[in-house]
Trainee: 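Once you've had a glance at the structure underneath, I'll fire off some questions.
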Amino acid sequence: MYQFDWSTIVPNLPWLLAGMVVTLKITVTAVVFGIIWGTLLAVMRLSGFRPISWFARLYVNLFRSVPFVMVLLWFYLVVPGFLQQVMGLSPKSDIRLISAMVAFSLFEAAYYSEIIRAGIQSIARGQSNAALALGMTYSQSMRLIILPQAFRAMVPLLLTQGIVLFQDTSLVYVLSLADFFRTADTIGVNSGTEIEMVLFAGAVYFVFSLSASLLVSYLKKKRTV
């Protein structure tokens with residue numbers, strides 16, 4: 001019978017924590033920029049100006065139709081040269097981490113866009129008409145009236161998508177980026193405790209995701225009260 005050996009976890013906690021920092025950096029960056037860009041895409045898609053609406057529709061459909069691992073590899077091949085040549089980024093910078101952040105942000109924006117678009121469309125059209133009747137422009141009514149209400153209704157869905165994003169960060173292994181999962185796997189391979197480290201990593205992801213899921217459930221109940 002296989003004898004589990006958990007003794008390698010505690011001595012390697014500093015490296016595991018460093019890997020978790022990388023994972024959280026990618027998650028937070030992708031959530032923030034994904035929501036910002038996703039909001040713009042949602043507004044563009046609802047615009048009456050067809051070229052803008054078509055661009056947003058094409059963007060969303062393109063990113064939602066391509067496997068994310070492929071997107072990661074695309075950006076890893078394209079972004080480094082762009083950042084170093086156009087933006088003057090130092091070659092010493094961690095290009096893999098920056099590439100992952102850009103890829104996750106742009107990819108997740110397509111999904112956030114659909115959530116936000118649905119949230120905007122759930123607001124009664126009469127409110128927008130009333131704002132326009134009061135002399136507000138379309139952008140003012142969207143910014144001051146429609147979006148605040150839509151975001152309050154969308155918080156649980158946005159958090160749920162954030163949980164999925166956190167779990168998907170493990171895919172950066174294709175870039176050999178030392179996130180939490182890859183760090184745990186590398187420690188396990190080097191110490192001969194790969195099974196234990198993978199199980200430990202899975203338990204950590206489970207705890208984080210479960211905690212966030214409970215928060216989502218709480219917010220849903222609070223909304224219905």
Side-chain angles (χ1 to χ4, degrees), residues 2-37 63 66-84 87 89-112 158-216:
Y2 184 82
Q3 296 294 321
F4 288 96
D5 179 11
W6 306 99
S7 62
T8 56
I9 295 177
V10 174
N12 288 288
L13 280 179
W15 289 274
L16 292 169
L17 289 175
M20 180 56 72
V21 168
V22 172
T23 294
L24 293 178
K25 278 183 179 180
I26 297 172
T27 302
V28 173
T29 301
V31 167
V32 173
F33 286 97
I35 289 177
I36 293 173
W37 179 224
F63 276 93
V66 178
F68 180 64
V69 171
M70 188 179 296
V71 175
L72 269 177
L73 292 175
W74 283 349
F75 279 90
Y76 181 57
L77 294 173
V78 174
V79 170
F82 174 81
L83 294 177
Q84 290 177 4
M87 301 180 65
L89 191 68
S90 170
K92 295 181 180 179
S93 303
D94 194 341
I95 297 299
R96 290 173 300 178
L97 177 58
I98 296 174
S99 298
M101 288 179 174
V102 173
F104 267 98
S105 297
L106 296 181
F107 186 84
E108 290 298 321
Y111 288 87
Y112 279 121
L158 294 176
L159 286 175
T160 300
Q161 185 62 32
I163 296 171
V164 175
L165 167 58
F166 171 72
Q167 296 169 344
D168 286 346
T169 55
S170 60
L171 293 174
V172 298
Y173 77 87
V174 299
L175 306 183
S176 298
L177 185 60
D179 70 317
F180 178 73
F181 180 77
R182 184 175 179 84
T183 299
D185 183 62
T186 301
I187 292 171
V189 170
N190 293 335
S191 62
T193 57
E194 188 172 8
I195 294 176
E196 290 85 346
M197 294 307 300
V198 169
L199 289 174
F200 172 73
V204 172
Y205 278 105
F206 173 78
V207 170
F208 270 82
S209 299
L210 179 61
S211 300
S213 297
L214 292 175
L215 176 61
V216 170

Trainee: Looking at R182 and S170, would you say the former's side chain and the latter's main chain have a donor-acceptor pair under 3.5 Å?
Mentor: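 Side chain of R182 to backbone of S170, a donor-acceptor pair under 3.5 Å: no, none is there.
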
Trainee: Calculate, to the nearest 0.5 Å, the distance between atoms CG and CG belonging to L159 and L215 respectively.
Mentor: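 Those atoms lie 5.5 Å apart.
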
Trainee: Do the rings of W6 and F4 sit parallel, tilted or perpendicular, given the 30° and 60° boundaries?
Mentor: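 Aromatic pair W6/F4 classed parallel.
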
Trainee: In Å and rounded to the nearest 0.5 Å, what is the OG1 to CG distance from T160 to L165?
Mentor: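 One finds 12.5 Å between OG1 of T160 and CG of L165.
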
Trainee: Quick check: closest heavy atoms across L16 and I9, and the distance to 0.1 Å?
Mentor: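 What the structure gives for the nearest pair is CD1-O, 4.0 Å.
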
Trainee: Can you name the nearest heavy-atom pair linking E196 to D5, along with the distance?
Mentor: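 Looking at all heavy atoms of both residues, the closest pair is OE2-N, 2.8 Å.
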
Trainee: Please report the interatomic distance CD1(I187) to CG(L13), rounded to the nearest 0.5 Å.
Mentor: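 Answer rounded to 0.5 Å: 8.5 Å.
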
Trainee: For S99 and F75, work out which heavy atoms get closest and say how close.
Mentor: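 Nearest heavy atoms, S99 then F75: OG-O, 3.8 Å.
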
Trainee: Does the side chain of T169 come under 3.5 Å of the side chain of T27 through a donor N or O and an acceptor N or O?
Mentor: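 The answer is no; no qualifying pair exists.
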
Trainee: How close do V10 and P14 get, counting heavy atoms only, and between which atoms?
Mentor: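 Taking every non-hydrogen atom into account, O-CD, 4.4 Å.
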
Trainee: Of L177, L171, L175, which is the lone residue that meets side-chain contact (heavy atoms from CB on, under 4.5 Å) with Y173?
Mentor: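 Result for side-chain contact (heavy atoms from CB on, under 4.5 Å) with Y173: L171.
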
Trainee: Tell me if the centroids of the rings in F104 and F68 come within less than 6.0 Å of each other.
Mentor: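 Centroid distance F104-F68: below 6.0 Å, so yes.
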
Trainee: Show the numbers, then the answer: is there a side chain to side chain contact (heavy atoms under 4.5 Å, CB included) between V22 and F180?
Mentor: CA-CA 7 Å; V22 172; F180 178 73; over 6 Å; no

Trainee: Give the table of side-chain donor-acceptor pairs shorter than 3.5 Å for residues 197-212, with sequence neighbours excluded, one pair per line with atom names and distance.
Mentor:
residue : atom : partner : partner atom : Å
S209    : OG   : Q167    : NE2          : 3.1
S209    : OG   : Y205    : O            : 2.9
S211    : OG   : V207    : O            : 2.8

Trainee: Quick one: pull up NZ in K25 and CE in M101 and give me the separation to the nearest 0.5 Å.
Mentor: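 It comes to 6.0 Å.
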
Trainee: Does atom CH2 of W37 have more than 12 heavy-atom neighbours from other groups under 6.0 Å away?
Mentor: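 Above 12, so yes.
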
Trainee: Minimum heavy-atom separation for F33 to S105, with atom names?
Mentor: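 Smallest interatomic distance, heavy atoms only, reads CB-OG, 3.9 Å.
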
Trainee: Check whether D185 reaches the backbone of F181 with its side chain - one donor and one acceptor, N or O, closer than 3.5 Å.
Mentor: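 Not a single qualifying donor-acceptor pair exists.
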
Trainee: Please name the pair of heavy atoms, one in D179 and one in T183, separated by the smallest distance, quoted to 0.1 Å.
Mentor: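 Minimum heavy-atom contact is O-OG1, 2.7 Å.
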
Trainee: Rounded to the nearest 0.5 Å, what's the gap from OG1 on T186 to CD on E194? Could you check?
Mentor: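 So the OG1 of T186 and the CD of E194 are separated by 9.0 Å.
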
Trainee: Is the closest side-chain heavy-atom distance between I163 and V216 below 4.5 Å?
Mentor: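 A side-chain contact exists here, since the closest heavy-atom pair is under 4.5 Å.
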
